Protein chains: 2
Amino acid sequence: MRKLQSNPFNCSVVKAINYIGGKWKPIILISLYRRENVRFGRFTVLIPDISRKILTQQLKELEDDGLIIRQEYKEKPPRVEYRLSDFGKTLIPVLKALHDWGGQIENSEINKTWN
Amino acid sequence: MRKLQSNPFNCSVVKAINYIGGKWKPIILISLYRRENVRFGRFTVLIPDISRKILTQQLKELEDDGLIIRQEYKEKPPRVEYRLSDFGKTLIPVLKALHDWGGQIENSEINKTWN
DNA sequence: CTATTTAGTTACTAATTTGTAACTACCAAT
DNA sequence: ATTGGTAGTTACAAATTAGTAACTAAATAG
């Protein structure tokens, strides 16, 4: 959860945006929607412009918010898989609404994500 | 439109969030959904914690993005009314989706906005 | 013994967003 | 002449978010 919108006005819409509004969070969530589970390193391939630090941070916030599950295998070298939680899956219709609205504006490459 | 998410990854969800993700934008949009038109000064009453500078800024971005219409009456003292544009009205289902999702988390005061 | 692999962490910096306080313009009323 | 009302603007500062580069750990491969 971000703190930007530490909004004295208690608004559900703002609250929802605080969950998904991180710069890379929608892309992370969509990746997990499409792939069931994704390893840390895989994210850095799927999202080339994200740094490991920011990726860690966004994943941790999503995990703290209960939207994703982090599963660590006690192996060396390490293996960590991320997946959507049941709660996270309830976001899918919301993401689709945002996607459809945002997509109408100008159709572009990865708009086919949902199709 | 904010620039925070100047995202090289062209994602419709991110794009949508860039339109509505300003700290006060959802509240402004919901106010306009409920009231048809709102004057500048009225916003400062409806949203007591917003400063005139930030209000101006958020309204201008919403106007530049085509979501709201600014109507200025040539009077003294000035009168300026804001309303949702037709394009802005297409956001309503999206805002509802966000509201419903955000509302399920913990029900609070102004959650009745949509009911 | 050194390099490789994976999933990070740390210290520091840069960019973006939000906020404060004081100021402007114009007309009407006191 | 001063005050009041509306809708701002300006210069500046603070808070938040994102990014860089270098570093860590532990086992395995060569």
Side-chain angles (χ1 to χ4, degrees), chain A residues 1-9 11 14 17-28 31-32 37-65 68-83, chain B residues 1-9 11 14 17-28 31-32 37-65 68-83:
Chain A
M1 181 98 73
R2 306 180 305 158
K3 40 180 158 173
L4 168 64
Q5 328 250 46
S6 56
N7 206 313
F9 215 91
C11 170
V14 173
I17 290 177
N18 283 342
Y19 277 80
I20 59 176
K23 176 162 176 180
W24 306 99
K25 284 182 185 174
I27 297 171
I28 291 171
S31 298
L32 292 175
N37 70 75
V38 177
R39 293 179 62 177
F40 185 87
R42 185 87 175 109
F43 278 119
T44 68
V45 175
L46 295 172
I47 313 172
D49 288 305
I50 199 171
S51 70
R52 295 203 297 302
K53 184 212 159 190
I54 298 297
L55 177 57
T56 304
Q57 185 180 298
Q58 305 264 302
L59 288 169
K60 193 169 293 177
E61 284 181 14
L62 290 169
E63 194 199 357
D64 289 346
D65 288 342
I68 66 174
I69 292 167
R70 176 182 185 278
Q71 186 166 8
E72 183 177 354
Y73 297 87
K74 293 289 179 197
E75 304 173 358
K76 294 293 164 177
R79 180 157 66 103
V80 178
E81 284 177 3
Y82 293 89
R83 67 185 66 249
Chain B
M1 183 99 73
R2 305 180 305 158
K3 39 178 159 175
L4 169 63
Q5 327 249 47
S6 55
N7 207 311
F9 214 91
C11 169
V14 173
I17 290 178
N18 283 342
Y19 276 80
I20 60 176
K23 175 162 177 180
W24 306 98
K25 284 183 185 176
I27 298 170
I28 291 170
S31 299
L32 292 176
N37 71 76
V38 176
R39 294 180 62 178
F40 185 88
R42 184 87 174 110
F43 278 118
T44 68
V45 174
L46 295 172
I47 313 171
D49 289 304
I50 200 173
S51 70
R52 294 204 295 303
K53 184 209 157 191
I54 298 299
L55 176 57
T56 303
Q57 184 179 300
Q58 304 263 302
L59 288 169
K60 194 170 296 179
E61 284 181 15
L62 290 169
E63 195 200 355
D64 289 346
D65 289 341
I68 66 175
I69 292 167
R70 177 181 183 279
Q71 184 165 9
E72 183 177 355
Y73 297 87
K74 293 290 178 196
E75 304 173 0
K76 294 294 165 172
R79 179 156 67 103
V80 178
E81 284 178 2
Y82 293 89
R83 68 185 66 247

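Protein chains get the first letters and strands the later ones, always in sequence-line order, with residue 1 at the start of each. The model shown is predicted, which means the values in this text are computed figures rather than measured ones.
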Contact summary for B:Tyr82 and B:Leu32, nearest pair of heavy atoms: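 Closest heavy-atom pair between B:Tyr82 and B:Leu32: O-CD2, 3.3 Å.
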B:Lys25 versus B:Ile20, closest heavy-atom pair with distance: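 In this case the closest contact between B:Lys25 and B:Ile20 is CB-O, 3.7 Å.
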Output the rounded distance in Å from [atom1] ([X]) to [atom2] ([N]).
X	N	atom1	atom2	result
A:Tyr73	C:dT6	OH	C1'	15 Å
B:Lys76	C:dC26	NZ	C1'	4 Å
B:Trp24	C:dT18	CH2	P	10 Å
A:Asp49	D:dT17	CG	C1'	17 Å
A:Glu63	C:dG8	CD	C1'	13 Å
B:Gln71	D:dA7	CD	P	13 Å
A:Lys23	D:dT17	NZ	C1'	10 Å
A:Phe40	C:dA7	CZ	C1'	6 Å

Quick one: are [X] and [Y] in side-chain contact, heavy atoms under 4.5 Å?
X	Y	answer
A:Phe43	A:Thr56	no
A:Leu55	A:Phe40	yes
A:Ile28	A:Leu46	no
A:Leu62	A:Arg70	no

Nearest-neighbour nucleotide for the B:Arg52 side chain, C:dT6, D:dT17, D:dG8 considered: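 Selected nucleotide (nearest to the side chain): D:dG8.
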Main-chain N/O of B:Met1 paired to B:Asp65 side chain as donor or acceptor, under 3.5 Å: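 Side chain of B:Asp65 to backbone of B:Met1, a donor-acceptor pair under 3.5 Å: yes, one is there.
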Residues that A:Arg83 engages under salt bridge (Lys or Arg N to Asp or Glu O under 4.0 Å), provided they are two or more places apart: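 Per chain and number, A:Arg83 pairs via salt bridge (Lys or Arg N to Asp or Glu O under 4.0 Å) with A:Glu36, A:Glu81.
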Return no unless some side-chain N or O of [X] is found under 4.0 Å from OP1 or OP2 of [N].
X	N	value
A:Tyr82	C:dG8	yes
B:Arg70	D:dG8	yes
A:Arg39	C:dA7	yes

DNA chain D: 5'-proximal contact among A:Ser51 and A:Pro77 (nearest heavy atom):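 In this pair, the answer is A:Ser51.
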Net bend of the helix from C:dC1-D:dG30 to C:dT30-D:dA1, end axes of five pairs each, nearest 10 degrees: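 The helix from C:dC1-D:dG30 to C:dT30-D:dA1 shows an end-to-end axis angle of 30°.
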Rounded distance [0.5 Å steps], CD1 in A:Ile68 versus CD in A:Gln58: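 Between atom CD1 of A:Ile68 and atom CD of A:Gln58 there are 10.0 Å.
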Sorted by number, the residues of residues 53-62 of chain A with heavy-atom contact under 4.0 Å to DNA chain D: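 The stretch gives A:Lys53, A:Ile54, A:Gln58 as the residues lying under 4.0 Å from the strand, ordered by number.
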